[in-house]
2 protein chains.
Amino acid sequence: MTSNINCNTCIIKSSAAKALNSEQLNALGKNCVQIDFKKGDVIFKEGTFSVNITYLREGIVKLHTEGKTSQILKIAKGPRYLGIPTTIEEKINHYSATALEDCHICFIHTNIFKSFIEENKKFAYEIIVELCNSELELFQKCVSRTKNNVYGRLSHALLFFSEKIYETDNFNLPLSREELGNFINTTRESVSRVLAELDSKKVIQIKGRQLKILKPEALKELSVI
Amino acid sequence: MTSNINCNTCIIKSSAAKALNSEQLNALGKNCVQIDFKKGDVIFKEGTFSVNITYLREGIVKLHTEGKTSQILKIAKGPRYLGIPTTIEEKINHYSATALEDCHICFIHTNIFKSFIEENKKFAYEIIVELCNSELELFQKCVSRTKNNVYGRLSHALLFFSEKIYETDNFNLPLSREELGNFINTTRESVSRVLAELDSKKVIQIKGRQLKILKPEALKELSVI
DNA sequence: ATTAAAAAATGATACATATCACATATTATG
DNA sequence: CATAATATGTGATATGTATCATTTTTTAAT
């Protein structure tokens, strides 16, 4: 579903978008289209031509590589920009984005996005801060993936969902066992086994995708970072 | 060694620094100090308080975590900014930087750096582009570390040194076997073994740190990314 | 040059985790 | 509701790589 939007009245703004003035928001509305995606929909695909900056207004997406050894690089929750690195200079997407929950996404013309950077100091600064945070997050993930064993990586991922995405210790996993494996770089079998063991040790309670974290401290102990 | 500098006459400028006008370069010179580091010197350390943006004018550095399971996150060659993510908003360095070759480094007051972002559109834009490239690089590395086995990761690293750092297929490795292990997430023993095997198969020729790549295509085949 | 210290090479073994095979749920479809 | 398709669980085995132990080489210090 596509719809015209009024960015002036939109209340779901990233800290960068909050820096835009009324005139800029009007211009944004005219150079931007909101599309609604359903769970599982592909938002953009690795290798395709990119002409927009993608703003995830609401929802949860995964950024991932393609192929049978697909790898989930990041899981992002709105409001935030997606894939600025992959779109701003080069025209080819370096990775794909797929909706894990229903999403409202705004596709913003790269040109108007660039003009805001030029016109609006605060906006430019906030984008820089966002990119910096994104890179630090990735560093963290890099370290977690390599310093932790499968137990640690899975614990880290479960805590990430609980703390950063759902903000509760009782939620439905947004990923299948196989996708979880792609996220923490292991196989679906290992994910099953470790989840079963954490369940048997009463650290978590899992049934299908329904997860309840019983002992977050125990998960924290398992992951060094 | 510390010295006052004239940024106007400096010919070693990043693409962002090239966007600064004469007045800004004068101001930069007054709010910036150049320090020369020798091979092995620590430039900044994880966990310490940070008050500057670090500009690597010339030389090669490693960005790494501390501790016995130290991990090398990135190897960078000047001219480029180092660790903007770790310094711009938060005041604590999230990782360390150590010189792998003699380096000339400019420490720039964070405030003047921020003022350039505000005053100079082109500068802000170039910083954004640099951060985007940096993140893409990290994505690449994340994928390489997890999709490749030790052979692939080491091949990838050797090609990286050859293509991105030294721009020749005949150079001295900037890292010990142990550091190479920290860079590609393996042990020094595994690095030794794989180097020995690549040598015996005449893909490379290695003696101590002296490396000559004989068959770059063979290395490319070993690493999927 | 001689000795000490550090780095690298190499063999033997251990172990975490991938792979394979198959059973059992769970979800989709006519 | 039945049947197929897909996802998940679990045991047995294989394998890449870490770990440990020891030797050899290189580098640094006196």
Side-chain angles (χ1 to χ4, degrees), chain A residues 38-41 62 67-72 98 100 144-158 172-201 203-211 222-224, chain B residues 38-40 62 67-72 98 100 144-158 172-201 203-212 222-224:
Chain A
K38 285 193 297 268
K39 193 171 172 167
D41 287 350
K62 60 171 179 174
K68 81 169 164 36
T69 51
S70 161
Q71 187 169 144
I72 298 177
T98 303
L100 292 177
S144 161
R145 279 203 189 173
T146 49
K147 281 204 182 181
N148 287 319
N149 60 15
V150 175
Y151 280 79
R153 301 204 296 278
L154 188 57
S155 301
H156 190 248
L158 298 182
N172 282 333
L173 283 170
L175 303 177
S176 69
R177 302 294 189 265
E178 177 139 33
E179 287 175 311
L180 265 175
N182 294 338
F183 188 42
I184 63 164
N185 291 298
T186 187
T187 57
R188 56 174 189 83
E189 293 96 330
S190 291
V191 170
S192 286
R193 271 185 259 268
V194 173
L195 285 175
E197 182 155 346
L198 290 175
D199 183 285
S200 83
K201 286 186 174 163
V203 173
I204 62 172
Q205 204 173 290
I206 185 135
K207 186 155 187 304
R209 291 199 178 195
Q210 287 169 47
L211 177 75
L222 281 169
S223 83
V224 296
Chain B
K38 284 193 297 268
K39 194 172 169 165
K62 59 171 179 175
K68 82 167 161 39
T69 52
S70 162
Q71 186 169 145
I72 298 178
T98 303
L100 292 178
S144 161
R145 278 203 188 173
T146 50
K147 282 203 180 181
N148 287 319
N149 61 13
V150 175
Y151 281 79
R153 301 204 296 276
L154 189 56
S155 300
H156 190 248
L158 298 182
N172 283 332
L173 283 170
L175 303 177
S176 68
R177 302 295 189 265
E178 176 138 33
E179 287 175 311
L180 265 175
N182 295 338
F183 187 41
I184 62 163
N185 291 300
T186 187
T187 57
R188 56 183 182 78
E189 293 95 330
S190 292
V191 170
S192 286
R193 271 185 259 266
V194 173
L195 285 176
E197 182 155 348
L198 291 175
D199 183 284
S200 83
K201 288 187 175 163
V203 173
I204 62 173
Q205 205 172 291
I206 185 135
K207 185 156 188 303
R209 291 200 180 194
Q210 287 169 48
L211 177 76
K212 192 171 184 177
L222 282 169
S223 83
V224 295

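Computed from a predicted model, the values in this text were never measured in an experiment. Every chain is numbered from 1 and lettered A, B, ... according to where its sequence line falls, protein lines coming before strand lines.
DNA chain C is contacted by both A/Arg188 and A/Val150; A/Val150 maps to the nucleotide lying nearer its 5′ end (nearest heavy atom per residue).
Formation of a donor-acceptor pair under 3.5 Å by the B/Arg177 side chain with backbone atoms of B/Gly208 is found in this model.
Closest approach to the B/Ser190 side chain among D/dT17, C/dT10, D/dT8 is made by D/dT17 (side chain taken as heavy atoms from C-beta onward). In the set D/dT19, D/dT8, D/dG16, D/dT8 carries the atom at the smallest distance from any side-chain atom of A/Arg209. The side chain of A/Arg177 lies closest to D/dT8 when the candidates are C/dT26, C/dT17, D/dT8. Taking only side-chain atoms of B/Glu189, from C-beta outward, the nucleotide of C/dT17, D/dA21, D/dT10 with the closest atom is D/dA21.
Here the C1' atom of nucleotide C/dA9 and the CG atom of B/Leu154 are 15 Å apart, to the nearest Å. Atom NZ of B/Lys207 and atom C1' of C/dA8 are 12 Å apart (whole Å). Straight-line distance from the CG atom of A/Asn172 to the C1' atom of C/dT27: 15 Å, rounded to whole Å. Summarising the geometry, the separation between CG on B/Asn185 and P on D/dG16 is reported as 19 Å, rounded to the nearest angstrom. Rounded to an integer number of Å, the gap from CG of A/Leu195 to P of D/dT8 is 10 Å. As a whole-Å value, the separation of B/Asn149 CG from D/dT15 C1' is 12 Å. Rounded to a whole Å, the CD atom of B/Glu178 is 13 Å from the P atom of C/dA9. Protein atom CG of A/Leu175 is 20 Å distant from nucleotide atom P of D/dT6, rounded to whole Å.
Across all their heavy atoms, B/Leu195 and B/Leu180 have their closest contact at CD1-CD1, 4.5 Å. When all heavy atoms are compared, the tightest approach of B/Arg145 to B/Arg153 is O-CD, 3.4 Å. What you find for A/Ser223 and A/Gly152 is that their closest heavy atoms are CB-O, 3.2 Å.
Contacts of A/Asp199 with the nucleic acid, taken as non-hydrogen atoms under 4.0 Å apart, are absent.
A donor N or O paired with an acceptor N or O is found under 3.5 Å between the base of C/dT19 and the side-chain atoms of A/Arg193.
In terms of phosphate contacts, A/Thr187 brings a side-chain nitrogen or oxygen within less than 4.0 Å of OP1 or OP2 of C/dA18.
Going from atom CG of B/Leu154 over to atom CG of B/Asn148 covers 10.5 Å, rounded to the nearest 0.5 Å.
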